[in-house]
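Below is one structure, written out as structure tokens, with a few remarks after it.
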Amino acid sequence: MIEAKTQGADLVEIRLDYINDFQPRQDLEILFKDKPLPVIVVFRPKWDGGLYEGDENSRLNALLVALEFGADYIDIERKAASGFLRDANQVKPCDSKIIVSCNVDGATPSTEELEHLVAKMQNTGADIIKLVTDATDITDLVQQFKLLSHCQVPLVTYSRGERGLISQLLCPKFGGFLVYGTMKSNSIPGLPTLDSLIQAYKPEWINEETTVFGLISKPVGHSKGPLLHNPTFRHVGYNGVYVPMFVDDLKEFFRVYSSDFAGYSVGFPYKEAVTAFCDEIHPLAQSIGAVNTIIRRPKDGKLVGYNTDCEASITAIEDAIKQRGCTNEEASLTSPLEGKLFVLAGAGGAGRALAFGARSRGACIVVFDIDYERAKSLAHSVSGEARPFEEIVNFSPPQGAILANATPIGMHPNTDRIPVAAETLGVYQLVFDSVYTPRKTRLLKEAEAAGAIVVSGVEMFLRQAMGQFNLFTGQEAPEDFMREIILAKF
Ligand SMILES: O=C1C[C@@](O)(C(=O)O)C[C@@H](O)[C@@H]1O
């Protein structure tokens, strides 16, 4: 409890069924003496997914003892609720509350079934009700959002599993009573960590008016976007929240959430596929064929797709060359990429953005991709040349060329790989890596040692996020603030 308080929790749940050789009076007295935070007491029986296998009366008595000692909340299973509430009402201090809870395993029930269940739980006389389901798809959560908006008594509802995360993060928007999180030492899939609640999401700032943005990706847990966007919203006083959305089926996602969210970042593997769901696409994103940002246009609700990766990566490369003073006076009017050979590894979404950006600055592109057809198609669109991926290790670039890695090679956990022959690295004027974990990949370390200018994917990540911030909020992104976060957290 002390640790939870130190980490920033407002209240803590205690699971009595996890205490070895539990002696109710003795242990509860110790637990509740000078308790640093309000507590929710749970004594989950085996028949409802807990560890307790003993006699039911002893279990319920232990919960009554907890009330007597001043438990702030008791969580009691729906099936045991009526009897328990009768007894509890006689001993309970007036500011203690009873949470009647229900865990539904397996497929999410229909809206009618859930409403029926909630009505039954309400009828027990509960002060608060808690309903937990399993999410098989992010679209299942729409039911929870509806329940939260309509329920007559305080409600906590969420879905377990990676796909259920936003049911917890967004519940304050829909009127949920509290948000559960896990402590570092006790992570549970699908529940946000206390750390992420404190640093990124800050549920106490979220209300009915909060505008929701999401990162559509699969997987999505690796993204540092929430750590960057949420504090930046707060910094400028914008009432918004940015949450990871684990999406399996784009079509179903956009059908079900047809008006709920104000905009999205789009990540792996959907940057190309998502174009089919945009009502309009900005010409740059259209020519790239990849969208990493979507805005729901307020005046007509249409989804408009943009690409902020392209300018982010190309300006990061240009600025690094300019900062090194590698441009002469008359060349400073044009891009330092003009006339250069731009060697690109990877022709996916990020690769396409880089290729179109480099082309727009007058560079000549040579593309390598494990899918040769994909490389050819990209090369064709930027009047460049495609080469089979196997040739990249023998490729000898001309002096002063630019190398950009847009493959996942070198990304955590396979950090010891580089896409090209190490001996060629000194020939490049600049080496860019779109990988941002780790911040300095092996490719960048070796290129730097060989004398090349290096640009990390972190710089691209920052700049694409600044572009998204401008589109999301209509305000200028606070660059210094965002840079500070990047330095501290990446
Ligand atoms: O490539 C990236 C990174 C990202 O997918 C993320 O993981 O946060 C978010 C995207 O908008 C961006 O284009």
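Order of listing sets the numbers, starting from 1, for every ligand and every atom in it. Not measured: the values here are computed from a predicted model.
- Residue Arg463 is tested with Asp309, Thr308, Asp319 for a side chain to side chain donor-acceptor pair (under 3.5 Å); the sole match is Asp319.
- Note on ring orientation: taking the six-membered ring where Trp is involved, the planes of Phe261 and Phe253 are parallel (angle under 30°, cut-offs 30° and 60°).
- Here the heavy atom of the protein found nearest to atom 5 (O) of ligand 1 is Gly267 CA, 3.3 Å.
- Summary of contacts: the protein heavy atom closest to atom 3 (C) of ligand 1 is Phe461 CE1, 3.9 Å.
- Protein heavy atom in closest approach to atom 10 (C) of ligand 1: Val266 O, 3.4 Å.
- Contact check for Lys202 versus Asn230: no side-chain heavy atoms found under the 4.5 Å cut-off.
- Atom 2 (C) of ligand 1 has its closest protein heavy atom at Lys271 NZ, 3.5 Å.
- Of the protein's heavy atoms, Gln464 OE1, 3.4 Å lies nearest to atom 12 (C) of ligand 1.
- A side-chain donor from one of Thr133 and Gln144 sits under 3.5 Å from a side-chain acceptor of the other.
- The residue Lys224 has no part lying near ligand 1, judged by heavy-atom distances below 4.0 Å.
- Annotation for ligand 1: atoms under 4.0 Å from non-hydrogen atoms of Ser265 are 11 (O).
- No part of Tyr264 comes within 4.0 Å of ligand 1, judged by heavy-atom distances.
- Looking at Thr139 and Asp137, their side chains do bring a donor and an acceptor atom within 3.5 Å of each other.
- A cation-pi contact, defined as under 6.0 Å to the ring centre and within 45° of the axis, links Lys224 to Phe490.
- Within ligand 1, counting atoms from 1 as listed, the ones closer than 4.0 Å to a heavy atom of His222 are 7 (O).
- What you find for Val104 and Arg160 is that their closest heavy atoms are O-NH2, 3.4 Å.
- Closest to atom 6 (C) of ligand 1 among all protein heavy atoms lies Ser223 OG, 3.3 Å.
- In this structure, Arg439 and Leu487 have side chains that are in contact, with non-hydrogen atoms separated by less than 4.5 Å.
- In terms of protein heavy-atom proximity, atom 11 (O) of ligand 1 is nearest to Gln468 NE2, 2.8 Å.
- In this structure, Phe368 has its ring center under 6.0 Å from that of Phe395.
- Ligand 1 places these atoms under 4.0 Å from at least one heavy atom of Asn292: 11 (O), 12 (C), 13 (O).
- In Asp309, the part holding a heavy atom less than 4.0 Å from any atom of ligand 1 is the side chain.
- Between Tyr158 and Tyr180, the distance separating the two ring centers is shorter than 6.0 angstrom.
- Residue contacts with ligand 1 do not include Met460, since none of its heavy atoms lies under 4.0 Å from the ligand.
- For atom 9 (C) of ligand 1, the closest heavy atom belonging to the protein is Leu215 CD1, 3.8 Å.
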